[in-house]
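Only one structure is covered here, and it is reproduced in the block below.
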Amino acid sequence: MALVVYNTLTHEKEPFVTIEPGKVRMYVCGPTVYDEAHVGHAMSSIVFDFVRRYLEHQGYQVRHVMNFTDVDDKIIARAAQIGEDPSAIARRYVEQYQEQLSRLNVLQPTVFPRVSQTIPEIVRMVAGLVESDHAYITASGDVYFRVRTDPDYGKLSRRKLADALAGTRVASSEEKLEEEDFALWKAARPGEPSWDSPWGRGRPGWHIECSAMSLHYLGDQIDIHGGGNDLVFPHHENEIAQTECFTGKPFARYWMHNGMLQLKGEKMSKSLGNLVTIDELLAAHDADVFRMIVAGSQYRKPLAFDADVLVDGERALARLRTALRPATGPVTTGPAVDALAGQVRQSRIAFEAAMDDDFNTAGALAALFDLVRAINTARDAGVAAGQSIAPFVELLLTVRLELRKAQQWALADKIRDELKVLGVVVKDTAQGSSWRMD
RNA sequence: GGCGACGUCGCCAAGUGGCAAGGCAGGGGUCUGCAAAACCCCCAUCGCCGGUUCGAAUCCGGCCGUCGCCUCCA
């Protein structure tokens with residue numbers, strides 16, 4: 001079985017082949033840090049955590065970049081509203097989100113870049129786009145991307161320019177040459193954060209940051225670019241346009257988008273006033289309950305979320321955990337043992353087959369629950385546990401032998417001491433080390 | 001109006017051509033001093049209509065419904 005991944009660009013599941021064998025370059029759009037993060041953000045981070053963990057399980061080395069948009073209109077507006085410095089607000093929510101991710105058991109991304117720390121790379125990229133005539137500078141010092149210079153524009157969201165503009169409800173800047181052009185750089189206004197650039201002081205537009213960060217931390221071409229499906233247009237569409245016009249190469253191999261978390265049938269959002277923050281969630285529930293809920297559904301589909309779903313998740317998680325209770329029976333051979341071993345094999349195959357199919361965590365979970373039943377049945381039949389630690393103890397002792405050869409006595413002793421705490425007594429002899437359960 | 005997605009048991013939710021996974025809830029048992037847990041059994045023909053096919057939840061067309069995007073958004 002080989003992994004296939006659904007690619008938003010082609011609308012198809014495609015075999016997963018990386019640019020560099022054994023390595024995955026993955027960029028995932030993180031939040032704009034102007035307010036409390038909600039469970040929708042948590043869902044997205046968890047989805048891509050599953051992706052990363054499975055890729056690593058398959059032996060890939062994953063370089064995972066997740067950005068923070070810490071320079072943005074909303075942050076500035078917020079700052080003005082509450083009379084605080086924009087960068088202080090951003091810093092506060094960045095730290096909060098990082099701490100929440102770790103509470104959600106999401107693996108730390110390899111790099112957490114922020115716009116405010118990537119300005120030189122952004123300026124360099126904008127300059128390059130101006131130089132190649134893909135962008136232009138206005139009288140007031142804004143820089144816009146000239147969308148018409150990209151013949152492929154619209155390929156991700158499958159929009160034609162006319163379609164994209166038909167529903168435009170925002171008043172366009174009078175300085176733009178064309179309605180569809182978008183800002184790469186915004187000239188500074190009094191009291192706003194700004195940086196020097198060849199076009200005067202200003203700050204980056206929204207889309208350019210991800211392109212610049214991705215380029216800087218992962219190179220011209222990446223394997224996976226991820227985010228919520230609300231980012232497909234215009235954010236990711238614009239990212240592709242500016243990046244590919246800049247590098248002349250295809251940007252991301254696989255575009256992955258998670259579905260929106262739905263609260264009572266609606267997307268959860270600030271404007272609808274129906275959001276549940278991550279802190280609220282974690283105050284009332286184990287993080288793994290939420291991970292269970294996310295895993296229970298295909299990541300591209302909308303995820304239903306309400307009190308009932310939380311109760312179900314709570315119980316499903318409990319069932320998974322009860323399977324892990326220690327087995328103390330005496331049975332070590334026979335049909336009950338064989339049956340369990342058989343189910344272990346079957347579940348592993350089913351689990352990987354599901355995950356290989358575009359990270360079908362719900363299917364993988366089903367395989368796990370089949371294993372739960374088999375484990376419980378075996379325990380009821382008196383099957384013993386504990387035999388399986390032997391290979392691990394042997395492995396530790398092998399490592400310890402190496403340490404002793406290297407005269408790393410402190411570490412070698414530490415392993416012996418810690419094993420003793422766990423009930424494994426190690427005895428060193430001239431013939432080597434032996435061990436027994438205390 | 002345009003683009004895209006979805007509609008599977010009471011609830012959540014897998015499944016893209018061959019007799020519908022899994023979790024929760026529910027019913028009936030086993031076990032148990034009681035309770036819990038666990039185990040066993042039961043519980044859906046897949047929004048509607050038509051078409052293609054030996055055969056469709058799975059493909060095509062139409063209809064109805066829901067949702068996302070088109071403006072900041074995971």
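Each chain gets a letter, A, B and so on, in the order the sequences are listed, and its residues count up from 1. Excluded from the calculations below are hydrogen atoms, water molecules and symmetry mates; all remaining heavy atoms, backbone and side chain alike, are included.
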Using a cut-off of 4.0 Å on non-hydrogen atoms, how would the nucleic acid contact of [X] be classed: base, sugar-phosphate, or nothing?
X	result
A:Thr32	sugar-phosphate
A:Gln298	sugar-phosphate
A:Arg379	nothing
A:Gly226	nothing
A:Ala316	sugar-phosphate

Tell me which nucleotide, if any, is Watson-Crick or G-U wobble paired with B:G4 when both distances must be under 3.5 Å.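 B:C67 is the nucleotide pairing with B:G4.
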Given [N], is OP1 or OP2 found less than 4.0 Å from the side-chain N or O atoms of [X]?
X	N	value
A:Arg315	B:C12	no
A:Thr377	B:A38	no
A:His257	B:C69	no
A:Arg319	B:C39	yes
A:Arg373	B:C40	yes
A:Asn376	B:C39	yes
A:Lys301	B:C67	no
A:Asn360	B:G15	yes

Salt bridge (charged side-chain N to carboxylate O under 4.0 Å, His left out) partners of A:Glu99, counting only residues at least two apart: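 Per chain and number, A:Glu99 pairs via salt bridge (charged side-chain N to carboxylate O under 4.0 Å, His left out) with A:Arg103.
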Can you tell which of [options] lies closest to the side chain of [X]?
X	options	value
A:Arg159	B:A74, B:C3, B:U16	B:C3
A:Asp312	B:G23, B:A74, B:C6	B:G23
A:His11	B:A74, B:C3, B:A5	B:A5

Contacts of type ring-ring contact (aromatic ring centres under 6.0 Å, His included), residue A:Phe359, not counting sequence neighbours: none
For the pair A:Ile119 and A:Arg203, evaluate side chain to side chain contact (heavy atoms under 4.5 Å, CB included) and give the outcome as yes or no after the intermediate values. CA-CA 8 Å; A:Ile119 302 292; A:Arg203 60 190 164 91; over 6 Å; no
Closest to the 5' end of RNA chain B, once A:Val232 and A:Tyr299 are matched to their nearest nucleotides, is A:Tyr299
With the threshold set at under 4.0 Å for non-hydrogen atoms, list the residues of residues 103-112 of chain A touching RNA chain B in residue-number order.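 Contacts with RNA chain B under 4.0 Å: none.
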Report yes or no: is the cationic atom of A:Arg159 (NZ for Lys, CZ for Arg) under 6.0 Å from the centre of the six-membered ring of A:Phe233, at an angle within 45° of the ring normal? yes
Are there more than 12 heavy atoms of other residues, nucleotides or ligands under 6.0 Å from atom CD of A:Glu56? yes
Please evaluate residues A:Glu237 and A:His207 with respect to the criterion side chain to side chain contact (heavy atoms under 4.5 Å, CB included), reporting the C-alpha separation (whole Å), side-chain torsions for both, the decisive distance (0.1 Å), and the verdict. CA-CA 9 Å; A:Glu237 193 69 72; A:His207 316 296; over 6 Å; no
Thinking salt bridges, do A:Arg92 and A:Glu84 make one under a 4.0 Å N-O criterion? yes
Decide yes or no, distance alone: a donor-acceptor N/O pair under 3.5 angstrom between the base of B:C72 and the side-chain of A:Lys74. yes
